[in-house]
S.K.: 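Quick one: this structure, given as structure tokens, is what I'll be asking you about.
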There are 2 protein chains.
Amino acid sequence: MASQQFEPPSGTRENVFAQIREVFGRYGFEPLQTPAFERLETLTGKYGDEGDKLIFKILRRGEHESTGEADLALRYDMTVPLARVVAGYGSQLPTPYKRYAMGPVWRADRPGRGRFREFAQCDVDVVGAASPLADAEVVCALTDALDAVGVRDYRVLVNSRQALSGLLEVYGVPADLGGGVLITLDKLDKLSPDKVAAELVDARSLVRLASPKVGEDRIAFTLSLVRGLDYYTGVIFEVVAEGMPGSIASGGRYDKLIAALGGPDVPACGGSLGVERIIGLLSDDQGDAHRIDVAVTVIAEDTASEVMGFAAQLRDAGLRTEVYLAASRKLAKQLKWAADRMARFALIYGASDKEAGVITVRDMDTGEQAQVPTGELAAHLTGRCAPSR
Amino acid sequence: MASQQFEPPSGTRENVFAQIREVFGRYGFEPLQTPAFERLETLTGKYGDEGDKLIFKILRRGEHESTGEADLALRYDMTVPLARVVAGYGSQLPTPYKRYAMGPVWRADRPGRGRFREFAQCDVDVVGAASPLADAEVVCALTDALDAVGVRDYRVLVNSRQALSGLLEVYGVPADLGGGVLITLDKLDKLSPDKVAAELVDARSLVRLASPKVGEDRIAFTLSLVRGLDYYTGVIFEVVAEGMPGSIASGGRYDKLIAALGGPDVPACGGSLGVERIIGLLSDDQGDAHRIDVAVTVIAEDTASEVMGFAAQLRDAGLRTEVYLAASRKLAKQLKWAADRMARFALIYGASDKEAGVITVRDMDTGEQAQVPTGELAAHLTGRCAPSR
């Protein structure tokens, strides 16, 4: 698991998810989560032979464990699980249905730069709309989210899944001359030139419709683009960025997938942001901001309960407040802890404070101390702590 | 998978996560996520014999798949993975270290009311603090989160893991007389009366320290409380609520777990909220709020690109905006869609609008229409749409 053993403490990842969720909501996509695992047969045969080998399979349980067989599998993406839901429950969903989902997917890949065995995707999908407007909405929602989290210098490449192989065929070029890049195209049905032309028109429509939002210089029809997943049927796209190998977002149209899973013949398209790669592009300049507002010292065992009460008041007032939890009752050690935590203020509640009905508030930046009546503590501090969230 | 096939579109779940995250942050807990799966041997032997049977195991991959053996397993909770991280990387973490985590865990249980094969937990843990203040902070963070999401009528039950068995022993009661409730206690070492007394003192300290925040009438020492997990070593607690079988939150002290995973002998405690059960207690009164701010109709193919541009402006202004994506170009059908989506306003951009440089804004509540210059659209609508988020 190497690089994934744990990720360092940081709010960056959560901020990224929150910003993406906000953008998806602004487009009217609604959340729909599916479980981490699916029946094995739901996933196999959707991702190509190479993809199938990367599926994590779950051993049968109880008395069946000894068979060594698998019946469930961790999701490889969030598109096939959505198609499975629509195939089974589509009649309960609005048409068109716009959903988003955010969560981990798993691939038994060899870990490397930008390549993980567990990684998070943020997906948007439109089910039940064949119009290029739907593809354009998907692309705009994804690029809008990239803008929101602060990714710069990305480009959107657009093609049709079948354009390249279709064109080769139309022009009489044997498919095997395409080499490695065509590895996933060999199972496609033969296409008429008309079909190829229609798909190229859709790809160009997507570029035209998405341009006002994405910016004309950042989106381009790119005939050489190929996507590896078997389920795409029409327009495909990738978002690439300077400094990150592979794509940071991708997607396309998968008009036959819902029917392949036993559902009705419903058109669908969608796309996905790769969260780890996006975070890899962001500079980590959280800088010198205070990590907490108030550090509460505990210098006498018999006032611990009252001190917990002060902390409760401050948290109720929205302040980020920590109580000293280690064993020492020495003030100097606890003030060092407050400094390490980058607290804005420290509270000290000694015997003389208690007698006078006050609490000592220490400004950790200036070292100045003030005696504040205990009843006015929250009001005193609320105004002085800048909103940190 | 039955009830988990998918959850209905709703923002409730996300709101609950956001509210809990906000509270945990206010206490100074920091996010640390671990992967969905761990090495199988990390998980086995930590949850008791019954727990071990509920672990989902992942088949080895590639050439090893045919052995039918498992080497990885889906996490059963988030406590053992945290202990594994601390055992391996503890020197990189602050002391005490306060972390939170939110995410799914998996148990191969028979699904039922409040019982799922995949469910979400929200955990807080304090590593490196032996003081009952740490246990109290954990309990207060969890109950504060319950208050924030709107759970009422809960009670916190507190005991020591070893108090009951220890007392039985001190009083010479054979452990097997305890019956089923003692099933998990049989592996405990013998206790001296002093040790039992010390643990009872810790449990009572937790009740005293947490009372100012939780409320004295909502937290009580409860000698009959037993927790099933093998790794608890001291104070244990559960939060129970009217109308939900089992507990909605639980936790305790696990001072030996990090050492058992090869790490240093570091005290630790933590607790966990059960998200599905909490959501089950909330009334779903999202009511008649507008689901989106603006529904954008597309009544002519040749203006689609401009219309996408209007939508982009409104989203940039923070308005929740949807574009009509289905095939029909009939206005009546699209206005019905706008009504179904509970839009506050609909936009109509016809040939005469375009000629006059305006766009028609329809108030979906009153049916009134206004012609707004296209350059003033965002300003016109921003003030009229109440902040919905």
Side-chain angles (χ1 to χ4, degrees), chain A residues 1 4-7 9 11 14 21 25-28 30-36 56-59 61 67-70 85 88-89 96 99 104 106 108 118 126 129-131 133-134 136-137 140 144 208-209 212-213 292 298 304-305 308-309 312 315 318-323 325-327 389, chain B residues 1 4-7 9 11 14 21 25-28 30-36 56-59 61 67-70 85 88-89 96 99 104 106 108 118 126 129-131 133-134 136-137 140 144 208-209 212-213 292 298 304-305 308-309 312 315 318-323 325-327 389:
Chain A
M1 281 178 276
Q4 290 172 265
Q5 291 281 336
F6 77 103
E7 49 185 64
E14 286 186 1
R21 182 179 291 121
R26 221 184 289 153
Y27 276 75
E30 294 184 352
L32 180 108
Q33 293 292 142
T34 63
F56 280 108
K57 298 172 185 172
I58 297 173
L59 208 53
R61 292 148 307 283
T67 62
E69 292 169 3
V85 168
Y89 303 87
R99 82 97 182 227
W106 294 269
E118 170 175 314
V126 181
S131 163
L133 277 170
E137 284 274 277
C140 291
D144 226 351
R208 179 175 52 83
L209 290 167
K213 179 82 200 179
I292 59 171
V298 186
S305 187
M308 289 289 280
R315 286 162 178 159
L319 298 181
R320 202 168 162 115
T321 304
E322 278 201 71
V323 176
L325 297 178
R389 288 163 302 278
Chain B
M1 281 178 274
Q4 290 172 266
Q5 291 282 336
F6 77 102
E7 50 186 64
E14 286 187 0
R21 181 178 292 120
R26 221 186 288 154
Y27 276 75
E30 295 183 353
L32 179 111
Q33 294 292 140
T34 63
F56 280 108
K57 299 173 185 170
I58 297 173
L59 207 54
R61 293 149 305 284
T67 62
E69 292 169 3
V85 167
Y89 303 87
R99 81 98 182 227
W106 294 269
E118 169 176 317
V126 181
S131 161
L133 277 171
E137 285 275 276
C140 291
D144 226 350
R208 179 175 53 83
L209 291 168
K213 179 83 199 179
I292 58 171
V298 186
S305 187
M308 289 290 280
R315 286 162 178 159
L319 298 181
R320 202 169 162 116
T321 305
E322 279 199 70
V323 176
L325 297 177
R389 288 165 301 279

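The sequence lines fix the lettering, A, B, ..., with proteins before strands; numbering per chain opens at 1.
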S.K.: At a 4.5 Å cut-off on heavy atoms, which part of A:Pro104 comes close to chain B: side chain, backbone, both, or neither?
M.R.: neither

S.K.: Among A:Ala312, A:Ala130, A:Ala136, which residue forms the greatest number of heavy-atom pairs with chain B at distances under 4.5 Å?
M.R.: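 The candidate making the most pairs under 4.5 Å is A:Ala312.
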
S.K.: Looking only at non-hydrogen atoms, find the nearest pair between B:Leu209 and B:Leu133 and report the distance.
M.R.: CD1-N, 3.8 Å

S.K.: May I ask you to name which of B:Gly309, B:Ala70, B:Gly68, B:Cys140 has the most heavy-atom pairs under 4.5 Å with chain A?
M.R.: B:Gly68

S.K.: My understanding is that only residues two or more places apart in sequence, or in another chain, count here; which of them pass ring-ring contact (aromatic ring centres under 6.0 Å, His included) with A:Phe56?
M.R.: B:Phe37

S.K.: Go through A:Ala326, A:Ala134, A:Ala36 and name the one with the most non-hydrogen pairs under 4.5 angstrom from chain B.
M.R.: A:Ala36

S.K.: Answer yes when B:Arg315 and A:Glu137 have at least one side-chain N-carboxylate O distance shorter than 4.0 Å, and no when they do not.
M.R.: yes

S.K.: Contact part of A:Arg21 toward chain B, heavy-atom cut-off under 4.5 Å: side chain, backbone, both or neither?
M.R.: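 Side chain only.
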
S.K.: What part of B:Val323 gets within 4.5 angstrom of chain A, counting heavy atoms only: side chain, backbone, both, or neither?
M.R.: both

S.K.: Using non-hydrogen atoms only, which part of A:Arg61 is less than 4.5 Å away from chain B: side chain, backbone, both, or neither?
M.R.: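 Contact with chain B: side chain only.
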
S.K.: Among B:Arg99, B:Glu69, B:Arg208, B:Met308, single out the residue with the greatest number of heavy-atom pairs under 4.5 Å to chain A.
M.R.: B:Met308

S.K.: Partners of B:Lys213 by salt bridge (charged side-chain N to carboxylate O under 4.0 Å, His left out), sequence neighbours excluded?
M.R.: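 B:Lys213 satisfies salt bridge (charged side-chain N to carboxylate O under 4.0 Å, His left out) with A:Asp316, B:Asp144 once adjacent residues are dropped.
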
S.K.: For the atom pair CD1 (A:Ile58) and CH2 (B:Trp106), what is the distance rounded to the nearest 0.5 Å?
M.R.: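 Taking CD1 in A:Ile58 and CH2 in B:Trp106, the distance rounds to 9.0 Å.
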
S.K.: Could you check B:Arg26 against A:Thr321 for side-chain contact (heavy atoms from CB on, under 4.5 Å), going step by step and ending with a plain yes or no?
M.R.: CA-CA 6 Å; B:Arg26 221 186 288 154; A:Thr321 304; 5.9 Å; no

S.K.: Does any N or O in the side chain of B:Glu322 come within less than 3.5 Å of the main-chain N or O of B:Ile292, such that one atom is a donor and the other an acceptor?
M.R.: no

S.K.: Under 4.5 Å heavy-atom distance to chain B, tell me which part of A:Ala327 shows up: side chain, backbone, both or neither.
M.R.: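 For A:Ala327, no heavy atom lies under 4.5 Å from chain B.
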
